[in-house]
Amino acid sequence: MANAAAAALGGAFAPWSAAEVETAFARFEAANPEPVGELEYHDPFTLLVAVVLSAQATDTGVNKATRGLFAAAPTPAAMVALGEEGVARHIRTLGLYRGKAKNVVELSRLLIAEHGGTVPPDRAALEMLPGVGRKTANVVLNIAFGLPTIAVDTHLFRVANRTGLAAGKTPLEVELGLEKVIPDRFKLHAHHWLILHGRYVCKAIRPDCPSCLIADLCRWPEKTTA
């Protein structure tokens with residue numbers, strides 16, 4: 001509901017000026033110069049699997065499941081050998097775990113068959129893998145390969161619309177809007193800053209506006225006061 005409300009109103013707000021955008025991201029950078037994602041991983045392959053498993057799950061829940069999974073199957077070949085039932089045993093605490101297990105084993109098989117067992121640094125190639133959509137591909141490209149992609153999850157979607165920074169009815173609209181307004185020097189870390197901001201400050205229920213770094217720039221008319 002909070003995301004829908006933000007998306008409904010976001011497009012009616014006055015656009016941010018370039019100076020306001022610069023100010024906002026300079027503040028995020030000053031507060032957290034090197035933001036990191038909260039999923040645990042060891043390399044591009046385990047990152048890819050972790051992000052696939054994170055759909056409709058918390059990072060904390062995924063981390064608990066993948067510690068045993070990655071110990072048992074740290075490579076695509078080991079994951080294929082483990083098989084769907086083996087993967088499922090490790091991730092059964094996650095929602096939709098059987099479908100996710102199938103995707104993880106199949107994407108591992110395809111990585112071996114089509115990419116020599118390595119994760120390709122290419123969005124189109126990543127999106128051909130089962131369970132991998134644009135958001136997942138963008139996360140992997142950003143974190144594993146250092147590309148300035150913007151992965152729009154539910155938190156980032158809410159923040160972009162609620163603040164008026166980049167209003168959009170769909171994640172893709174928000175992503176493209178952010179790419180247009182965020183200065184290049186901030187793009188590598190932009191999605192981390194916005195996701196963390198949405199997760200811990202600009203929350204869906206009762207955002208913590210008094211501690212918000214960008215409250216004075218935010219266009220949302222229903223700011224909390226305490």
Side-chain angles (χ1 to χ4, degrees), residues 3 21-22 24-63 66 70 74 76 100 103-104 107-108 110-111 114-115 117-161 163 165-166 168 170-202 213-214:
N3 281 17
V21 176
E22 176 83 22
F25 283 94
R27 291 176 186 174
F28 286 134
E29 181 181 55
N32 187 4
E34 297 291 334
V36 295
E38 296 181 324
L39 289 172
E40 297 174 2
Y41 67 97
H42 310 300
D43 53 23
F45 171 66
T46 52
L47 174 64
L48 173 61
V49 171
V51 180
V52 168
L53 295 179
S54 71
Q56 300 183 48
T58 66
D59 287 358
T60 298
V62 172
N63 291 338
T66 56
F70 293 157
K100 290 178 179 180
N103 285 339
V104 166
L107 73 82
S108 299
L110 289 174
L111 287 176
E114 299 181 6
H115 303 286
T118 63
V119 176
D122 177 82
R123 181 189 285 121
L126 287 169
E127 289 187 30
M128 293 296 291
L129 300 172
V132 179
R134 187 179 181 90
K135 183 192 78 172
T136 295
N138 281 344
V139 172
V140 172
L141 292 172
N142 181 271
I143 297 176
F145 300 107
L147 300 180
T149 52
I150 298 174
V152 180
D153 74 346
T154 184
H155 300 295
L156 194 154
F157 183 81
R158 181 176 62 256
V159 171
N161 276 291
T163 61
L165 177 61
T170 67
L172 181 58
E173 286 183 10
V174 168
E175 177 187 337
L176 297 178
L178 289 171
E179 286 182 347
K180 289 180 181 178
V181 301
I182 296 174
D184 288 344
R185 76 182 187 91
F186 296 123
K187 283 182 179 176
L188 179 61
H189 295 316
H191 93 268
H192 279 124
W193 285 320
L194 294 174
I195 288 171
L196 293 171
H197 190 66
R199 184 172 291 165
Y200 298 111
V201 180
C202 194
L213 292 173
I214 59 171

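Numbering starts at 1 and runs along the sequence shown. Excluded from the calculations below are hydrogen atoms, water molecules and symmetry mates; all remaining heavy atoms, backbone and side chain alike, are included.
- Aromatic ring pairs are classed by plane angle as parallel below 30°, tilted from 30° to 60° and perpendicular above 60°; the pair His192 and His189 is tilted.
- The shortest side-chain heavy-atom distance between Val140 and Val132 does not fall under the 4.5 Å cut-off.
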Pairs of donor and acceptor atoms involving the side chains of residues 36-43, under 3.5 Å and at least two apart or interchain, shall be tabulated with distances.
unit_1	atom_1	unit_2	atom_2	d
Glu38	OE1	Arg199	NH1	2.4
Glu38	OE1	Tyr200	OH	3.1
Glu38	OE2	Tyr200	OH	2.8
Glu40	OE1	Arg67	NE	2.9
Glu40	OE2	Arg67	NH2	2.7
Asp43	OD1	Phe45	N	3.2
Asp43	OD1	Thr46	N	2.8
Asp43	OD1	Thr46	OG1	2.9

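- Pro44 pairs with exactly one of Leu111, Leu141, Val119 by the side chain to side chain contact (heavy atoms under 4.5 Å, CB included) rule, that one being Val119.
- Taken from CD in Glu173 to CG in Leu178, the straight-line distance is 12.0 Å, to the nearest 0.5 Å.
- Residue Leu156 forms a side chain to side chain contact (heavy atoms under 4.5 Å, CB included) with just one option from Ile195, Leu165, Leu196, and that option is Ile195.
- Checked by atom type and distance alone, the side chain of Lys100 pairs as donor or acceptor with a backbone atom of Leu53 at under 3.5 Å.
- Nearest heavy-atom pair, Gly198 versus Arg158, reported as atom, atom and distance to 0.1 Å: O-NH2, 2.8 Å.
- Under the ring-ring contact (aromatic ring centres under 6.0 Å, His included) criterion, His191 pairs with no residue, sequence neighbours left out.
- Remark: Ile182 CD1 to Leu194 CG distance equals 6.0 Å, nearest 0.5 Å.
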- Item | CA sep, side-chain torsions, deciding dist, call: Ile214, His197, side-chain contact (heavy atoms from CB on, under 4.5 Å) | CA-CA 10 Å; Ile214 59 171; His197 190 66; 4.1 Å; yes
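- Formation of a donor-acceptor pair under 3.5 Å by the Asn32 side chain with backbone atoms of Phe28 is not found in this model.
- Taking CD of Glu114 as the start and CG of Leu107 as the end, the distance is 11.5 Å to the nearest 0.5 Å.
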- Show the numbers, then the answer: is there a side-chain contact (heavy atoms from CB on, under 4.5 Å) between Thr149 and Arg123? CA-CA 10 Å; Thr149 52; Arg123 181 189 285 121; 3.7 Å; yes
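- By the side chain to side chain donor-acceptor pair (under 3.5 Å) test, Asp122 is found to be paired with no residue, residues two or more places apart in sequence or in another chain being considered.
- Listed here is the closest heavy atom pair of Phe70 and Ala50: CZ-N, 4.1 Å.
- A donor-acceptor contact shorter than 3.5 Å links the side chain of Asn161 to the backbone of Gly168.
- Side-chain contact check for Ile143 versus Val51: every heavy-atom pair is 4.5 Å or farther apart.
- Across all non-hydrogen atoms, the minimal contact from Asp59 to Ser54 is OD1-CB, 4.4 Å.
- Counting all heavy atoms, side chain and backbone alike, Trp193 lies closest to Pro33 at CZ2-O, 4.3 Å.
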- Please walk me through it: do Ile150 and Asn138 pass side-chain contact (heavy atoms from CB on, under 4.5 Å)? CA-CA 6 Å; Ile150 298 174; Asn138 281 344; 5.7 Å; no
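- Contact record, Pro120 with Phe145: O-CE1, 4.0 Å, taken as the closest heavy-atom pair.
- Counting heavy atoms from C-beta outward, Phe186 and Glu22 have side chains that approach closer than 4.5 Å.
- Closest heavy-atom contact between Ala166 and Val174: O-CG2, 3.7 Å.
- Side-chain contact between Leu126 and Thr136 is absent, with no heavy-atom pair separated by less than 4.5 Å.
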